[in-house]
Structures are given as structure tokens and as C-alpha cells.
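Note sheet for the following structure.
From a predicted model like this one, the values you see are computed outputs, not experimental measurements. In what follows, chains are A, B, ... by sequence order, proteins preceding strands, each numbered from 1.
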2 protein chains.
Amino acid sequence: MSGKDLIKEQFDKLVSITPADWLYFSERLQFKQFGKKDRITQADRVEDNLYFLAHGVVRFIVHNEEKETTTDFSFSGHFFCSYSSFITRQPGIFEIRPVTKTASCYYISWNDLQQVYANTNCGEKIGRMAAEQQFIRKSDREVSLLTIHPKDRYLQLMEEQPQWIHQIPLKHLASYLGITPETLSRIRSSIMKSNG
Amino acid sequence: MSGKDLIKEQFDKLVSITPADWLYFSERLQFKQFGKKDRITQADRVEDNLYFLAHGVVRFIVHNEEKETTTDFSFSGHFFCSYSSFITRQPGIFEIRPVTKTASCYYISWNDLQQVYANTNCGEKIGRMAAEQQFIRKSDREVSLLTIHPKDRYLQLMEEQPQWIHQIPLKHLASYLGITPETLSRIRSSIMKSNG
DNA sequence: GTTTTTCCTTGATCTCAATCAAGAAGTTGC
DNA sequence: GCAACTTCTTGATTGAGATCAAGGAAAAAC
């Protein structure tokens, strides 16, 4: 199975796409592999590409007064990019880097994606549904940040996304949860004790 | 000018819509006025309608262990609903209530909106762009909650959304900022002092 | 207009997480 | 393999904001 088929699988979850539409889209896909120290996307630039992560994990970083905060992660099988910038064509605030040793990505340029929207039947529909799903993720996150205690957020993550805990260094998880690495370390050890 | 024209204005910001498409959509709009104690949307129900606020302010509430948190507000001239529920057709977690004495709303049902998506030329495009904009709001909010100190979030709100400060009771703003009313009251008085 | 209720402010205390610090464990690179 | 570096853990201290409490201002109800 080609890596592009992973993308087709994602689309098929949303709508039934015609072979012609799929061809039009997939012909415009390019491929690139990133190493651990690469920046897939740099802050303060207009995001040119929409990426699909075929293998690896990436994180979204915001720099703020000497500190860096990891706001989100993306795993293989999902699209990612500095969305706000990609959508508005304004410089973005996110730096995107691999968490894993490598990140293998298919990507399509903004210009090509506009062609897909204009010249396929279901492009807009997939685009709408994908945007809706991204919205839901962020909306859930807002509720989580406002209503759930960091310790409980970590417990929830252990249940719902155990792969996050295994694949992501503690310090980045801590940042994502809005706490310091020290505090997360203590949370983790308190869980160990209560579980025997 | 009819209230529906407010909606047309919003659409015109996104795409040029044909008279036929607008007619198809606007014929499906209904109108309802809500009082201060009404619940526009109840938690644990599937959201049936997408609302457009013609007049007033509403807030989004999450109930969590006896406490209620205000996660967001919507102002006149904007669409709102318990989106995640509206999209997924699963029971939602948000209660939506007016902040102002009344909230005047146009609304379209989920079923009718699917008809619009299916039978208009630009419905999907508007839907995609609207979803993208909602995503951007939530993404910005995530960054704000993770990287900005509550006091600075309040100062930012004063600059960017001064109408929020004037129209929304302090206790709801505090909840939205993730702090207690007492703390926001102290922040506010410290700003007063430093401004003379 | 008066009562009732809600909302906001201010003060005192307490608690939890940040910070500072240092050492252990684990990785990476030569 | 060893050195250099990064990451994680643990401890002591500090501080910002939550909580508890009460009085005053404002708004709503009658």
C-alpha cells in the first residue's frame, strides 16, 4: 500500500470520493522527510503547505518571552500545518517540529489546494468536514483547559491517548498540559503510588 | 433593512453568493426571541439549530461538579450554536443562555442546512470558510490560555474587545479568563490605580 | 419607592504549583 | 566505551491566586 492510500482512508471516512477527484488531488501531493532538528514550519512566515503525517509525531510550538510552549501534537494519519496562517495567508505564530527522529510527510501547496476546491466535486465538502473536526478538537481543548485540573487532564490523556504518554517527552507533555515538568513528574509519581 | 440582511452581509464577506442560493437559504430561516432566563440550547441534548444572533449577547456554559464555567460568548452579527453537537449529532455539553435581557435569533435547522449544502453552489464553500474561522478563534484561545497570564488576557480583552468588558458581568468574564471573580476584581482595581 | 436579590469589592488566610537547586537517569555523539 | 548533554526526579522555599467571610453597591422584583 502506498503512503498516499493513508490519506485516501481518511477521506473515505468523510465522504465517498470519485476516482477522478482523488486523482486530481493526489497528483498534487509531494513528499518530504524531516529530521529531528528540522523546522517543518517556521513562526512568522506564511504557511504554504498542508501536511499529512505518514509517520512520526510533530509538535506545535509558540515562543513567548524567552519561553516556548507546546500547544499541540499531531500523529501519523492526520493532517497538520500552521492552520490559521494557511487559511488567512498571514504570518503564523507556530513553529512545527518533529518529536520523533523523523517525520514523513505528504503535502499539498495552498495554491494547489485552491485548485482542488475549485475543480473537484467533493473538495469543498471534505474541506468543510475537516475544518469542522479541527474545530471540535480545539473546542474540546478549551473546555479541558478551563474546567479540568491538570492532574485530571493527565489522567484523561492516559485513558484516551495512551500513545501520547509513551511517545512524547515529559517536558513537552507538561507544557501542553499547562504545568511545569517538575509538577508533572510529581503527578506521575503520585499516580504510581496510588496504583501500587 | 431586514434582520436577514445582517446574515447576507456576513456571507458577502466570504464569497459572492447568487440570488438563487441566497433565496434557497433565507427561505429556511426562522426567527425567535429569547429572554434572560431562557436556555437557547440545553446541555446533554443534540443541537438541532444553527443560530444567528441579530441582537444581544449570549454565553456558553459548561457544568462541572457543581460549578459552572463560561467558556465563550457570542455577539450580534455572528453565528453560534453548540457546534460540536450540531456537527456530530451527539448530545452536547454546552448550555447557551442570553447575557443581555433579550437575544434575537434567526436560525436554521440541521436538516435544512444539509439541504442547503446539497442544493446550492456555494453552501459548502461558505460552510468551510465559516468552520475555518471558528477554528481560528478556538486556536487563538488555546494559545491565549496556555501562554498569557490572566491579567494580561484581561488587558488584551480591554484593547481588542472593549465591548466585552462593558456588556458582560465581571463574574462571567472571570470564568472565561479562568480566574475567580475576586481575582478579576483585584486585577481591575490594580489597573485603575496604575492608570491614575 | 421599598424590599429583595444579585453582583462587586475588600480583607485575612491558606493551599497548591512555580521556582530554585542539585543529583540521578537516560541519550547522543565521538 | 566514555564524555557531554539532555531529561527526569526529588527536596526546600516562595508566591500568586483560591477560598472564606462580610459589607456595600447596584439591579430586579413587587
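The distance between atom NZ of Lys171(B) and atom P of dT6(C), rounded to the nearest whole Å, is 9 Å. Put simply, CG on Leu184(B) is 10 Å from C1' on dC8(C), counting in whole angstrom units. Here dA17(C) presents its P atom at 12 Å from CG of Leu177(A), a figure rounded to the nearest Å. Rounded to an integer number of Å, the gap from CD1 of Ile187(B) to C1' of dC8(C) is 15 Å. Between Lys36(B) atom NZ and dT6(C) atom C1' the separation is 10 Å, expressed in whole Å. One interatomic measurement links the two molecules: CG of Leu173(B) to P of dT9(C), which rounds to 11 Å at whole-angstrom precision. We find that NZ of Lys37(B) is positioned 8 Å from P of dT6(C), with the value rounded to whole Å.
For the pair Lys37(B) and Arg97(B), the tightest heavy-atom approach, listed with the atom from each and the gap, is O-NH2, 3.9 Å.
Using a 4.0 Å cut-off between a side-chain N of Lys or Arg and a carboxylate O of Asp or Glu, Lys13(A) and Glu9(A) do not qualify as a salt bridge. The pair Arg137(B)-Asp72(B) meets the salt-bridge criterion, since a charged nitrogen lies less than 4.0 angstrom from a carboxylate oxygen.
Residue order along DNA chain D, read from the 5' end via each residue's closest nucleotide, puts Pro169(A) first among Pro169(A) and Glu182(B). Projected onto DNA chain D by closest heavy-atom contact, Arg186(B) and Lys101(B) fall at different nucleotides, the more 5' of which corresponds to Arg186(B).
Between Lys67(A) and dT19(C) there is a side-chain N or O to OP1 or OP2 distance below 4.0 Å. A sub-4.0 Å separation between OP1 or OP2 of dT9(C) and a side-chain N or O of Ser185(B) is present.
Proximity note for His149(A) (side chain, C-beta onward) versus dA18(C), dT28(C), dC16(C): the nearest is dC16(C).
When DNA chain D is scanned 5' to 3' for any atom under 4.0 Å from a heavy atom of chain A, the first and last hits are dT7(D) to dA12(D).
When the ring-ring contact (aromatic ring centres under 6.0 Å, His included) test is applied to Phe31(B), the partners found at least two apart in sequence or on another chain are Tyr106(B).
Lys4(A) pairs with exactly one of Trp22(A), Phe25(A), Phe52(A) by the side-chain contact (heavy atoms from CB on, under 4.5 Å) rule, that one being Trp22(A).
Arg141(A) forms a cation-pi arrangement with Tyr176(A), by the criterion of a distance under 6.0 Å to the ring centre and an angle within 45° of the ring axis.
Here CG of Asp38(B) is found 9.5 Å from CD of Gln33(B). Values are rounded to the nearest 0.5 Å.
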